[in-house]
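These notes concern the structure reproduced below.
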Amino acid sequence: MRVVVAEDSVLFREGLVRLLRDRGHEVVDAVGDAPSLIDAVAATEPDLAIADIRMPPRHQSDGALAALNIRERHPHVGIVLLSQHIELRHCLELIGTPGFGYLLKDRVLRLDEFDDALDRVAMGGVALDPEVVQALVRSRQAPTALGTLTAREHEVLRLVAEGHTNTEIGRILGLSGRTVETHMRSIFGKLGLHDDGATHRRVRAVVTYLESGIGR
Amino acid sequence: MAPSISRGLTVLATAVVAGGVALAVAVGDGPATLACLAGFVAVATGWVVACREPRSAVGPALAWSSGAVALVLSIEVLARSSYGSSPLPLAEVARPLWVGVWPIHLAGVLVLLLVFPDGSVISRRWIAVPMAYAIGILASVASSWGAREIDGQVVGGNTGAWGTSLAVLGIVLTGACLVLAVASVVFRYRSGDERRREQVRWLMLAGAATVALLLLGWLAQALGAPIAVAYTPFLVGVVVLVPLGVGIAVVRHDLFDVDRILGATAAWTLTLIGSAAVFAIVVLFASRVVGAGTGLAPSAAAFVTALTLLPLQRYLTSATGRFVDHDRFVAVAEVEAFAAQVRGGQRAPEEIEELLRTAQRDPGLRLFLARPEGFWSDMTGARVEPPEGLAVQANGAVIARIVLGHDTARARRRVGELARTGWVPIEVSRLRLALRDALGEVEASRGRLAEATAEERKRLEHDLHDGVQSRLVATGMRLRSLQHHGLDHAQSGEVDAAVAELESTVAEIRRLAQGIRPSRLDDGLGAALASLGEDSPVPIELTVEELPELDDTRAMTAYFVASEAVANALKHAHANRIEVGVRATDGRLVVEVCDDGVGGISPLGLTALRDRVDSLGGRLGIDSVPGLGTTIRAVL
C-alpha cells in the first residue's frame, strides 16, 4: 500500500520508512512536520498516513490537528497516529471512526501486529492501542447502557474497540468464533443497535463504548 | 485706627514717661523714678507692637498703660512741689488735681483690655466703657478738688454730701468699667478662633503670673519679709510681665507653647493657694484640739500639706489643662484612648493616620513610615518620597514623618505631642507593613519556585518521551530491520530478546515519566485522575465537575494531592472505598479525597503534601477521626 510518513525525529522516521519498505509497502513521502504532512497527502493521495502526534511547528498535538484536517479533505485516506504516551487532545472525534488508528510508538517493534493494524486502518477499520482504550474506559463517568453488559461482554467489546476481528477475539479469549458472535449479538441488542450491515453496527458499538468515556 | 494717630499717641506716651522720669529725678523721688523707668518696658513693647501692627490700638494702649502711671506720678510730684518752698512750673495747675487723679493709673490698662488682641473694641457700643471711665475720673477729681495728702491722710477737698456722692460715683463707675474691660477679654476668648485664644492666653499667663507673685508677696509678708522686698516681684510683674505678655501675644503669639506654660502656672498658683489653705486649716484645727502654743500644730500642718501637695498639683494640672487648653487635652486623650484600643485589639494600628487627622483637626495631615527595609512608605505600604516634615522618634530611631496640611509652629508642637503619645500604634503599623511585604515576597517566591518546578518537570517528561524513548524505539526498529535482512535462527532469537528488552525499557521510562509529571495532564486533570484507579486494589470513585482552564502548576498540584492522598489511604487506612472529587468554586480548585478507613492519621505524614499546597498559596485541610475515615481537602 502507498504510505506517507510524518515524524520529526529523523532516526525514528528513517527506521519506520525502512521497516515499511521491508514489509513491502510503498513509502511515497516522508516528512518532518504537520504542514508538510497535509501537503504530502494532498499531493500523493496515499492509502495511509502515519503521523507522530507531537510534531513541529508547535510540538503539541500538531499531528492530531493535521489528522483532523486530512480527514475532512481526504476522507478515504486512513490515518494512524503514533505517540510516546497517551495524549488524547484533539483525537477524540477521530477515535472509533472508520479508517483511524492510535498506537503507542513502541508497538512498531511488534512487526506483525503493527502491520495488521496498518492494514485494518487502510481498509477502513480501526486500530486502537490497548492503553488508549483503557484510558478512555477509565474516564467513564455516568452509567450508560454499557452498565448492563456482563464482564465477558465488556471484554469482547474492548477488543472490538481495539480493532480486532471476531476470529482474533476468539483466539485471544480462548473462545470459539460462534461464542464470540453470540456475545456480539447480545452486545448489539443491549446497546439497541439494529442489523443494518455488520461493519457499520460494529463501528457504532465501538463508538458507543468509547463515547461513554469521551462524552465528558 | 489710622497709623498716624497710633504713632502720635505712642509718641505722647513716651514723652509723658520721659517727662515723669525727668520730674522724679529733678525732685529726687527715688521710688517714683524707679516706677517711671520701669514704665519704659511697656513703652518699648508698645513701640514694637505699633511698628508691627500700625493700625492696631494695642501699641499705644500698651505705651499708655505705663504712660498713665507716669502721668499720675508727675501730677503728684508737681502738686507736692506747689506746697513746698520751690514750686515747679505748672505746679499750680496740678495742685487741685492731686488726690482725685488716681483712677488714671488704670486707664491705659483698661483701654488695653478693651482693644486686646484685635486692635479695636469688639463693637462701637464698647466705646461707652472708656467714656464712662473718663466720667468716673472726672467725678473722682471733682470730689477731691483741691485736697492734699499729708502722711497718708487726705486733707481738704469737697467734703460735703455732693462731694461724697461724686466720690462714690467715681469709684462705682471706674470699678464697673474695669469689670467690663475684663469681661470684654473673656468674651473675646470664648467667641474667638484658635489664634485669638492663644493671644489671650498670653495675657492670661501674664495675669496669672502676676497673681502668683502677689500671693508669694502675701506669703513673704506673713513670714516677716519687709513690704518693699515682698511686693517688688509683684510690681515688676505688673509693669514688666503684663506688657511683655501682651507684646508677645500680638507680635509672636506662637513663640512658646503658651498653653502648657499657662496651664502649669495656673496649676501652681492654685496649688499654692490650696496648700496655704490646707496649712491654715490644719493649724487652726490642731491648735483647737491640742491647744495653742505647742509646736505640734505647725508640724502637723506642714506634714499634711506636704502629703497633699503632689496629688493636688497633679489633679490641678490636669484640671487646668482641661480648662485652659481644652483642645490639646481632648486630642491627647483621643490618641491615648486609641492606643489603648489598639493594645486591646479593638482597632487596627493603621488607623493612626486618620486618628491624627481628626485629633489635630487637619484633614491634610499625612503620616509616612520609615520602613525597616530602608525606604519611606505611606500607610498603605506604597513606596513614596515624602516631603519635609516632623520626625517621629522611638528608641532613638526615626520611625515616621508627619507632614502637616496646616503647618504652624503651634500645630507642630501639638502634633509632636500626639505622635509621642501614639508612637506605639505607629511603630506597630510600620512593622506590620514590613512583615506583610516580607510574607508577600516569600509567597511570591514560593509560587515562582512551584511554577519553575512544574515547568522543569514538564520539560523533563518531554525529554524522556521525545528523546530517550524515541531513540530506543528507533534502535529497536534498526534491529528489526537487521532481522529482516537475513539472520540465522539463533541470531534472530537474540534480536527478539533484545527488542523485548527495549520494549520493557520503554515501558519503564513511560512509568518514570508518569511519576515526574503525569502526561495525561495534557488531556486535562480529569483524564489524569482517571488513571489513578489503574493499579488500585480498592474501587476509586471519581467525580470531576466542569473545570475551567487550569494552569499546569495547579493541575499538577491537584493531581499530586489526589494521588498522595489515595496512596496514603491505600497504605495506612485499610479503606474499602475511596472517593476522589474535584470541583471549582469561586475561582478556586477544590480537591477532596475521602476514604472509609480507620481514620486518625497523623497530619505529620502529610507535610510534603502541605508544602506543595502552600507553595501555591492554597490550604490543606485534614479531617481524620479514628473509626470514621479520613477526608483530605486541598483548596488551590
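Here is how names work: the chains are called A, B, and so on, in the same order as the sequence lines, proteins then strands, and each is numbered from 1. Just so you know, these numbers come straight off a predicted model, no measurement behind them.
Below 4.5 Å, heavy atoms of chain B meet heavy atoms from A/Gln84, A/His85, A/Ile86, all part of residues 78-86 of chain A. The stretch residues 576-590 of chain B places none of its residues near chain A, where near means some heavy atom under 4.5 Å from a heavy atom of that chain.
Heavy-atom pairs under 4.5 Å with chain B peak, among A/Val108, A/Leu111, A/Leu88, at A/Leu88. Of the listed residues (B/Ala474, B/Ala500, B/Ser470), the greatest number of heavy-atom pairs within a distance under 4.5 Å of chain A belongs to B/Ser470.
The contact between B/His484 and chain A is made entirely by side chain atoms (from C-beta outward), counting heavy-atom distances below 4.5 Å. Interface remark: A/Leu19 contributes side-chain atoms only to the contact with chain B (heavy atom separation under 4.5 Å). In this structure, chain A has no heavy atom under 4.5 Å from any part of B/Gln514.
When only modelled atom types and interatomic distance are considered, B/His462 and A/Arg54 share a side-chain donor-acceptor pair under 3.5 Å.
Rounding to the nearest 0.5 Å places CG of A/Asp8 at 7.0 Å from CG of B/Asp466. Of the inter-residue distances, the one linking A/Leu20 atom CG with B/Ser481 atom OG reads 10.5 Å to the nearest 0.5 angstrom. For the atom pair CD (A/Glu131) and CZ (B/Arg510), the distance works out to 5.5 Å, reported to the nearest 0.5 Å.
Applying the 6.0 Å contact sphere to CD of A/Glu45 captures more than 12 heavy atoms from other residues, nucleotides or ligands. Other residues, nucleotides and ligands place more than 12 heavy atoms under 6.0 Å from the CD atom of B/Gln491. In this structure, B/Glu508 places its CD atom where more than 12 heavy-atom neighbours from other residues, nucleotides or ligands lie under 6.0 Å away. A 6.0 Å sphere centred on CZ of A/Arg2 holds more than 12 heavy atoms belonging to other residues, nucleotides or ligands. Applying the 6.0 Å contact sphere to NE2 of B/His489 captures no more than 12 heavy atoms from other residues, nucleotides or ligands.
Ionic pairing of B/Arg480 and A/Asp22 is not present here: no N-O contact between side-chain nitrogen and carboxylate oxygen is shorter than 4.0 angstrom.
Nearest heavy-atom pair, A/Leu109 versus B/Glu503, reported as atom, atom and distance to 0.1 Å: CD1-CG, 3.9 Å.
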Notebook entry, point to check: Could you go step by step and tell me if B/Val506 and A/Lys105 meet the side-chain contact (heavy atoms from CB on, under 4.5 Å) rule?
Noted result: CA-CA 10 Å; B/Val506 167; A/Lys105 275 187 178 173; over 6 Å; no
